[in-house]
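When a residue number appears, it is its place in the shown sequence, counting from 1. Atoms within a ligand are numbered from 1 in the order they appear, just like the ligands themselves.
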Amino acid sequence: MPNRILLISDVHANLNALEAVLAEAGACDQVWCLGDVVGYGPQPNECIQRLREFDLVCLAGNHDLAAVERADLADFTRDARTVLEWTRAQLTAGHREWLQSLPARPLAAGPDLTLVHASLRDPVWGYITDIGEAKAALDALGDQACLYGHTHYPAVYYRRWDSVQILEAPLPRNAALRLHAQMLVNPGSVGQPRDEDPRAAYALLDLATLTLTPRRVLYDVSATQQRMKQLQFPGGLIRRLRFGQ
Ligand code: ZN
């Protein structure tokens with residue numbers, strides 16, 4: 001029975017960020033990845049290969065789907081599309097097959113937790129970015145906690161009496177949150193944080209106590225940017241990593 005889980009999301013082909021997370025997190029029984037392993041970043045094959053070394057549960061994100069023609073590139077911004085086209089040409093046959101196999105739906109993780117890339121109402125494309133969306137997601141949830149990604153923004157929403165509350169970024173670092181029914185938790189993004197903090201975001205999950213600890217770790221942002229420059233990726237995607245935007 002796994003106990004200590006490394007929870008990550010939105011790696012986005014940023015191997016330097018992923019390695020920093022893996023090094024700091026230490027030994028874990030399993031890795032749970034909420035999707036978007038590829039897209040935006042310069043090392044899709046390397047990130048897939050690295051993640052597959054672990055006992056891994058991984059969902060499909062919208063970028064993962066688009067990278068293997070399971071989603072239309074027209075649904076993405078121009079910059080995202082540029083890198084997805086490049087990614088399509090880079091992926092090895094084995095990694096394409098792996099991306100093809102990822103589930104694009106919510107996944108039950110034991111009796112207490114549901115995992116989803118985006119939201120229960122729209123598992124791959126929905127955005128939980130405000131109280132209204134959170135309330136709709138909680139209405140669809142039942143007596144579980146839901147771990148989600150996609151927004152690249154660490155956040156915790158929970159129902160309190162008849163209202164929905166938010167515990168926003170910065171989440172209390174290294175403080176363990178007790179997970180309970182009617183709670184939505186986003187660990188943030190490993191490879192492209194958007195909460196004005198450029199450090200890679202992830203969380204550690206203890207299944208024995210059902211507690212989650214949000215974490216941040218510095219990584220070599222300029223090394224990733226350098227690779228992106230060499231590949232002539234769009235400037236906006238390169239610059240945003242420095243600012244965590
Ligand atoms: Zn993403």
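- Taking hydrophobic clusters as Ile, Leu, Val, Met, Phe, Trp and Tyr residues chained together by side-chain heavy-atom distances below 4.5 Å, V190 shares a cluster with I48.
- No donor-acceptor pair under 3.5 Å is formed between the side chain of R227 and the backbone N or O of P42.
- Judged as a side chain to side chain contact (heavy atoms under 4.5 Å, CB included), and not counting sequence neighbours, the contacts of D29 are P2, N3, R4.
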For residues 122-133, please give each side-chain donor-acceptor pair under 3.5 Å, one per line with the distance, not counting sequence neighbours.
from : atom 1 : to   : atom 2 : distance (Å)
Y127 : OH     : H150 : NE2    : 3.4
D130 : OD1    : G132 : N      : 3.1
D130 : OD1    : E133 : N      : 2.8

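- Residue D220 holds its CG atom at 11.5 Å from CG of L15, rounded to the nearest 0.5 Å.
- Among residues at least two apart or in separate chains, ring-ring contact (aromatic ring centres under 6.0 Å, His included) pairs with a member in residues 40-62 are H12-Y40, Y40-H63.
- Only protein N, O or S atoms were considered, and those under 2.8 Å from the Zn ion (ligand 1) are D10 OD1, H12 NE2, D36 OD2, H152 NE2.
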